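Below, each value reflects all heavy atoms present in this structure, side chains not excepted, and no hydrogens, waters or symmetry copies. Chain identifiers are assigned alphabetically (A, B, ...) following the order of the sequence lines, protein sequences preceding nucleic acid strands; residue numbering begins at 1 within each chain. From a predicted model like this one, the values you see are computed outputs, not experimental measurements.
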Amino acid sequence: MSELPEVEILVRHLDPVLRGKRVRAVSVLRPRVIRPNSAAKLQASLRGAKFTAVRRRGKYLVFELSRSRNQPVQLLGHLGMTGRFFVSRKDQPTPKHTSLFFDLGPERLVFEDTRYFGRLTLDLTPLAKLGPEPLGEEFTSAALAENLKRSRQPIKTKLLDQAVVAGVGNIYASEALFRAGIAPSLPARKLKQRQIVRLVRSIRRVLTEAVRCGSTIPLNVTGPAQADRLFYFGQASGTSAFYEERLRVYDRANQPCGHCGAPIRRIVQAARSTFFCPRCQRA
DNA sequence: CACCATGTTCCTTG
DNA sequence: CCAAGGAACATGGT
């Protein structure tokens, strides 16, 4: 969960379901998720507001609502590592690690998050710090080159910087570098122009394929609210294998590279796992 | 018990 | 001031 493609798919499901629904109340079970705003402030701002749209920016969900007299409110959501949003009937029990839920009348919008790294806030300043959308036209090789040219950081680490490109996480950073044939340890400023061009294309391709693949996965509705519209995906037994088959290097340490047969290696960079083919991605 | 995990922010160090 | 590294956040799986 929770790199750009997963958030994109979630947003596509949530948008038509939430549009027009009114927030009757907000129940905050874990006040820390609302940092830095207080729970009381969020409840006061959202009570009675109506969802008008749900969109995505980087890995953030942006909930747009309208209060009385058409006053717009925006709410920023981040899934962290394990966060999930889903809609279920009010008579269904909420899961164990529910951070918060919105009372929508007969239904609820539930924010479940096992590790509680996720966030929900009225503070929109995180959006201002994000770099270009990788699938938008502002993400060009010239823009990427500008961001890489002064950095000695390994390119893999640099791709995780949301100010460089918004939405790439640990899985797709490894995948994009594999497809571009670039060693993850290469210092960012050492990339040649043609490598940067290839990297931009690889990032776009990897993310686009993931969104397309996720869109075709039947939603996994196992769980406490089986009959309801739950937005789990890529998580359950059946769908997961299919979903992860597309990943060519991530979590494949010691398995043969699909291109050359050399064993995939796992290294640690900036305290995160990186997977790559030492033969297809030479330093 | 040890180590690992899809993310971000804050603190320290150079 | 900036870049880079590491801890912290919290819980569960292997």
Side-chain angles (χ1 to χ4, degrees), chain A residues 1-10 29-37 56-61 76-85 95-100 111-121 123-131 134 147-177 184-190 203 206-207 210-211 213-214 217 231-237 239-241 243-254 266-275:
Chain A
M1 276 297 275
S2 94
E3 296 188 34
L4 181 150
E6 293 77 22
V7 178
E8 176 64 28
I9 292 157
L10 177 59
L29 285 64
R30 296 285 293 222
R32 290 178 63 85
V33 303
I34 307 184
R35 226 170 24 185
N37 304 53
R56 179 192 62 73
R57 175 76 174 97
K59 300 173 192 174
Y60 288 93
L61 298 106
L76 208 57
H78 197 291
L79 300 174
M81 303 269 270
T82 55
R84 287 175 174 77
F85 279 96
K96 182 179 174 190
H97 299 293
T98 297
S99 288
L100 154 165
F111 184 22
E112 181 203 3
D113 185 6
T114 318
R115 286 171 71 180
Y116 299 113
F117 286 180
R119 290 286 175 265
L120 207 60
T121 178
D123 173 18
L124 300 179
T125 55
L127 292 184
K129 298 170 188 157
L130 296 178
N147 269 305
L148 301 185
K149 74 181 185 192
R150 273 178 230 90
S151 176
R152 298 163 202 266
Q153 266 190 314
I155 183 61
K156 153 63 164 42
T157 307
K158 207 67 189 161
L159 289 181
L160 299 182
D161 182 348
Q162 301 300 296
V164 171
V165 52
V168 174
N170 205 39
I171 292 175
Y172 296 110
S174 282
E175 292 297 315
L177 286 169
S185 56
L186 188 65
R189 59 195 273 154
K190 300 275 193 190
I203 290 169
V206 157
L207 297 177
V211 170
C213 176
I217 288 178
F231 303 109
Y232 286 104
F233 49 85
Q235 178 67 6
S237 45
T239 55
S240 169
Y243 184 72
E244 275 159 28
E245 257 171 40
R246 298 169 306 102
L247 303 178
R248 300 188 194 166
V249 288
Y250 184 81
D251 207 17
R252 288 185 183 274
N254 304 315
R266 170 185 180 271
I267 58 172
V268 174
Q269 298 179 286
R272 317 289 306 275
S273 288
T274 298
F275 298 89

Give, for atom CD1 of A/Ile34 and atom CZ of A/Arg32, the distance between the pair rounded to the nearest 0.5 Å. 12.0 Å
Using whole Å, what does the distance between atom C1' of nucleotide B/dT8 and atom CG of A/Leu130 come to? 12 Å
Please enumerate all residues that pass side chain to side chain contact (heavy atoms under 4.5 Å, CB included) together with A/Leu124, with sequence neighbours excluded. A/Gln74, A/Leu76
Heavy atoms, side chains only, cut-off 4.5 Å: are A/Gln162 and A/Lys129 in contact? no
Which part of the nucleic acid, if any, lies within contact of A/Thr157, taking any heavy atom under 4.0 Å across all strands shown: a base, the sugar-phosphate backbone alone, or nothing? nothing
For nucleotides C/dG13 and B/dT8, find the distance between their P atoms and express it as a whole number of Å. 23 Å
Comparing A/His78 and A/Ser273 on DNA chain B - which has the more 5′ nearest nucleotide: A/Ser273
Rounding to an integer number of angstrom, what distance separates C/dC9 and B/dC1 when you compare their C1' atoms? 22 Å
Whole-Å distance separating the CD atom of A/Gln269 from the P atom of B/dC4: 15 Å
How does protein contact run along nucleotides 9-14 of chain B, one letter per nucleotide 5' to 3', with B for base contact, S for sugar-phosphate only, - for none, heavy atoms under 4.0 Å? S-----
Atom CD of A/Glu6 to atom P of B/dA5: distance rounded to whole Å? 17 Å
Whole-Å distance between C/dA4 P and A/Leu160 CG? 13 Å
Measure the CZ-OG1 distance between A/Arg35 and A/Thr121 for me, rounded to the nearest 0.5 Å. 10.5 Å
Can you check whether A/Arg248's main-chain N or O pairs, donor with acceptor, with A/Arg246's side chain at less than 3.5 Å? no
Let me confirm one number: the CZ-NE2 distance from A/Arg84 to A/His97, rounded to the nearest 0.5 Å. 11.5 Å
Atom NZ of A/Lys158 and atom C1' of C/dC2 are separated, to the nearest Å, by 11 Å
Sequence-distant partners of A/Arg152, side chain to side chain contact (heavy atoms under 4.5 Å, CB included), two or more places apart: A/Arg189
One character per nucleotide, please: for nucleotides 7-14 of chain C, 5' to 3', B when the base has a protein heavy atom closer than 4.0 Å, S when only the sugar-phosphate does, - otherwise. --BBBS--
For the residue pair A/Leu247 and A/Glu175, establish whether any side-chain heavy-atom pair is separated by less than 4.5 Å. yes
Please give, in whole Å, the distance from C/dA4 C1' to A/Lys156 NZ? 15 Å
Using whole Å, what does the distance between atom C1' of nucleotide B/dG7 and atom OH of A/Tyr172 come to? 15 Å
Counting only side-chain N and O atoms of A/Arg152, is one of them less than 4.0 Å from OP1 or OP2 of C/dA4? no
Whether A/Ser151 side chain and A/Leu148 backbone form a donor-acceptor pair below 3.5 Å: no
Rounding to a whole Å, what distance do you find between A/Leu61:CG and B/dG7:C1'? 14 Å
Going from OG on A/Ser174 to CG on A/Leu159, what distance comes out if it is rounded to the nearest 0.5 angstrom? 9.5 Å
Across all chains, not counting sequence neighbours, the side chain to side chain contact (heavy atoms under 4.5 Å, CB included) partners of A/Arg115 are A/Met81, A/Thr82, A/Phe117
Closest to side chain of A/Arg266, choosing from B/dC4, B/dG7, C/dA4: B/dC4
At less than 4.0 Å, is any side-chain N or O atom of A/Gln153 found next to OP1 or OP2 of C/dA4? Yes or no. yes
Could you give me the stems involving DNA chain C, meaning stretches of three or more consecutive Watson-Crick or G-U wobble pairs whose two defining distances are both below 3.5 Å? B:2-5 with C:11-14, B:7-14 with C:2-9
Assign the ring pair A/Phe85 / A/Phe111 to parallel, tilted or perpendicular, where the plane angle (0 to 90°) is split at 30° and 60°. parallel
